[in-house]
Protein chains: 2
Amino acid sequence: MTNIKKDNTEEKILSAAQTVFIRKGMDGARMQEIADEAGINKALLHYYFRSKQQLFNATFESLFSKIIPNVMRMVQSDQPIEVKLEFFIENYIDVLMKNPFLPTFILKEIHQDPEFLEGLIRSSGLEPKKVVEMFKNEIEKGTIRTMDPRDLLISILSLIIFPIASKPLLSLLFFDDDPKSYNEFIEKRKVTVKEFVLHSILIK
Amino acid sequence: MTNIKKDNTEEKILSAAQTVFIRKGMDGARMQEIADEAGINKALLHYYFRSKQQLFNATFESLFSKIIPNVMRMVQSDQPIEVKLEFFIENYIDVLMKNPFLPTFILKEIHQDPEFLEGLIRSSGLEPKKVVEMFKNEIEKGTIRTMDPRDLLISILSLIIFPIASKPLLSLLFFDDDPKSYNEFIEKRKVTVKEFVLHSILIK
DNA sequence: AAATAGTTTAACCAAATGGTTAATTTTTGT
DNA sequence: ACAAAAATTAACCATTTGGTTAAACTATTT
């Protein structure tokens, strides 16, 4: 084995960096705090990643890939739209609930540096055009009503992502700041969102 | 007139602080940058607002009140649900499009300090329970199908807010990074979202 | 017009922060 | 076992940053 120690430390750093960057954002995070979180000396951060910016980029890439659920295969299958939709929604809500701070973190940093995105998207295996294409086919088949397929996809993403991204606000406004109550709500949403969308688009 | 100068400077500071805080966030913003933006000496910031934290709080409160559209009167009117919905959606999209960076900014800072929210919400005139109540009434009247009214409200907010909060991402993914194309899309959304929601909830 | 109070500024300061260096320890190849 | 390479650390450093101070300037009061 070439370098068991190296990999280990690098992973520890990345994991610690994720924790701290998500909690504090790029500007709020401190290199010392990341080092403490990883249980190593601060100089090691620079030894492995040169600068804060590069550590952040590596962290961001790793985090970004996390919120891209592995659903492309399903999208391109020949299951009926109801099944695809259910799979997509449940899968995505699960991913986000395991990382509820991710959407806001990513949205924020994206606002600060939009250019950085392009490469990430290309290399992530994310193919929104394929999803749009799928909806277009359904419209042509006549299973769902006529509408801009981009609109439909964006609406579905909105219904999934926003309630999780705004957890602290919603929790306070509608769930008496009770985590259990909020989590139940999101869990139920897997069904609710599916029904909400299907009611809206299916031709009955 | 007691102090024409004082009011003027204070407003200049707050306006500059809004610009910089929205652009950079609490941690990324620099007092010197705010002073420059306002065209004054940095010490004046502390003269008027004591600390960065207090300046931020004042700024945040002012910004938060901006994204609370003035729709409570409409909600409590006896217009049919279609009209209320249309008014709410158009009004809210307009507010957000004038301040597209606000949702993300607020979401981010809220994650960092959820407790700060409670007082703000109370003093803002925002009454989500009243809106929830309205939907409950419609369900009882039988105009819309049975569902958790909180779910419905949160879904509507999602459909309005998320596509604007994630502007850079969507712009890149679906609109070739062309602002005009994206803006047209959002403008059309006023109708799209209304139809999407009505299709989903109305009993036909 | 002189005294007083309020506003604004330039010059400073201490603490924090990202980053570096040189020395030490650990691992690897022979 | 030993030398070379890699990994890790403690001690520093230069810069940045929020915040202060004392002096200057402006408006107000009497």
Side-chain angles (χ1 to χ4, degrees), chain A residues 1-63 105 108-109 111-113 116, chain B residues 1-63 105 108-109 111-113 116:
Chain A
M1 192 147 285
T2 44
N3 45 13
I4 195 169
K5 215 170 201 175
K6 186 183 175 196
D7 285 353
N8 235 329
T9 319
E10 199 166 324
E11 271 166 39
K12 267 197 295 182
I13 292 177
L14 259 164
S15 163
Q18 289 186 8
T19 307
V20 176
F21 276 132
I22 287 180
R23 198 162 53 210
K24 303 284 181 70
M26 163 64 170
D27 294 317
R30 299 287 151 242
M31 293 298 267
Q32 186 60 58
E33 194 180 348
I34 296 174
D36 292 347
E37 179 82 27
I40 55 158
N41 185 283
K42 178 167 70 90
L44 264 192
L45 300 182
H46 293 94
Y47 180 74
Y48 282 95
F49 294 91
R50 282 197 69 86
S51 68
K52 187 185 184 184
Q53 186 62 53
Q54 281 189 47
L55 174 57
F56 178 79
N57 289 354
T59 307
F60 190 90
E61 282 180 42
S62 154
L63 286 175
F105 169 75
K108 200 254 171 178
E109 305 298 348
H111 269 274
Q112 226 125 96
D113 183 2
F116 186 53
Chain B
M1 192 148 285
T2 44
N3 45 12
I4 194 171
K5 218 172 203 173
K6 188 184 172 195
D7 284 352
N8 233 328
T9 318
E10 200 167 324
E11 272 166 39
K12 266 197 295 182
I13 292 177
L14 260 165
S15 164
Q18 289 186 8
T19 306
V20 176
F21 276 132
I22 287 181
R23 199 163 50 210
K24 303 284 182 73
M26 164 62 171
D27 294 318
R30 299 290 154 238
M31 293 299 266
Q32 186 59 58
E33 195 180 348
I34 296 173
D36 291 348
E37 179 83 28
I40 55 159
N41 186 284
K42 179 169 70 93
L44 263 192
L45 300 182
H46 293 93
Y47 180 74
Y48 280 96
F49 292 92
R50 283 196 69 84
S51 69
K52 186 185 184 183
Q53 187 62 54
Q54 282 189 48
L55 174 57
F56 177 79
N57 289 354
T59 306
F60 190 90
E61 283 180 42
S62 156
L63 286 175
F105 169 75
K108 199 253 170 177
E109 304 298 347
H111 270 274
Q112 225 125 97
D113 183 3
F116 185 55

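All chains are named by letter (A, B, ...) in the order of the sequence lines, taking the proteins before the strands, and each is independently numbered beginning at 1. Heavy atoms only: backbone and side chains are in, while hydrogens, waters and symmetry mates are out.
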- Note on the structure: When rounded to whole Å, the CZ to P distance for the pair B:Phe49 and D:dG19 reads 13 Å
In a table with atom names and distances, give each donor-acceptor pair under 3.5 Å that connects a side chain of residues 28-40 of chain B to protein atoms at least two apart or in another chain.
from: B:Arg30; atom 1: NH1; to: B:Asp27; atom 2: O; distance (Å): 3.3
from: B:Arg30; atom 1: NH2; to: B:Asp27; atom 2: O; distance (Å): 3.2
from: B:Gln32; atom 1: NE2; to: B:Asp36; atom 2: OD1; distance (Å): 3.0
from: B:Glu33; atom 1: OE1; to: B:Lys24; atom 2: NZ; distance (Å): 3.1
from: B:Glu33; atom 1: OE2; to: B:Arg23; atom 2: NH2; distance (Å): 3.2
from: B:Glu33; atom 1: OE2; to: B:Lys24; atom 2: NZ; distance (Å): 3.2

- Tell me what B:Ala29 touches on the nucleic acid: a base, only sugar-phosphate, or nothing, going by heavy atoms under 4.0 Å. sugar-phosphate
- Atom CZ of B:Phe56 to atom P of D:dG18: distance rounded to whole Å? 13 Å
- Task: Can you figure out which of D:dG19, D:dT9, D:dT8 approaches the side chain of A:Ile40 most closely?
- Result: D:dT9
- Item | Between C1' of C:dT8 and CD of B:Glu10, the distance in whole Å | 15 Å
- Query: Nearest to the side chain of B:Lys42 - C:dG18, D:dG18, D:dA7?
  - Reply: D:dG18
- Which heavy atom in B:Ile13 sits nearest to a heavy atom in B:Leu44, and how many Å separate them? CD1-O, 4.1 Å
- Taking the side chain of A:Tyr47 as heavy atoms from C-beta outward, which of D:dA10, D:dT8, D:dG19 is closest to it? D:dT8
- State, to the nearest 10°, the angle formed by the axis through the first five base pairs of the helix from C:dA1-D:dT30 to C:dT30-D:dA1 and the axis through its last five. 10°
- Message: Any side-chain N or O of B:Ser51 below 4.0 angstrom from OP1/OP2 of D:dG18?
- Response: no
- Is the shortest side-chain N/O distance from A:Thr9 to OP1 or OP2 of D:dT8 below 4.0 Å? yes
- d(CG, B:Asn8; C1', C:dG6) in whole Å: 15 Å
- Could you check A:Phe105 against A:Phe21 for ring pair (Phe, Tyr, Trp, His ring centres under 6.0 Å), going step by step and ending with a plain yes or no? CA-CA 8 Å; A:Phe105 169 75; A:Phe21 276 132; 7.3 Å; no
- Phosphate OP1/OP2 of D:dG18 contacted by B:Arg30 side-chain N/O (<4.0 Å): yes
- Query: Taking atom C1' of D:dT20 as reference, at what distance in whole Å does atom CZ of B:Arg50 sit?
  - Reply: 11 Å
- Item | Straight-line distance of B:Phe49 CZ to B:Thr59 OG1, nearest 0.5 Å | 6.5 Å
- Closest listed nucleotide, where the reference is the side chain of B:Tyr48 and the choices are C:dT8, C:dG18, D:dG18: C:dT8
- Query: Between B:Leu14 and B:Tyr48, is any pair of side-chain heavy atoms under 4.5 Å apart?
  - Reply: no
- Item | Spacing between A:Glu33 atom CD and C:dG19 atom P, to the nearest angstrom | 16 Å
- Task: Report yes if the side chains of A:Asn57 and A:Phe60 come closer than 4.5 Å at any heavy-atom pair, otherwise no.
- Result: no
- Message: If you only use heavy atoms from C-beta on, which nucleotide in C:dG19, C:dA10, D:dG18 is closest to the side chain of B:Asn41?
- Response: C:dA10
- Nearest whole angstrom, please: distance from the C1' of D:dT20 to the CE of B:Met31. 12 Å
- Spacing of A:His46 atom NE2 and A:Ser51 atom OG [to the nearest 0.5 Å]: 7.0 Å
- Item | Atom pair distance, as rounded to whole Å: CG in B:Asp27 and P in C:dG18 | 11 Å
- Message: Of the options C:dG18, D:dT17, D:dT9, whose atoms approach the side-chain atoms of A:Leu44 most closely?
- Response: D:dT9
- When you match A:Met26 and A:Ala43 each to their closest nucleotide on DNA chain C, which lands nearer the 5' end? A:Met26
- Do A:Met26 and A:Glu109 come close enough that some side-chain heavy atom pair is under 4.5 Å? yes
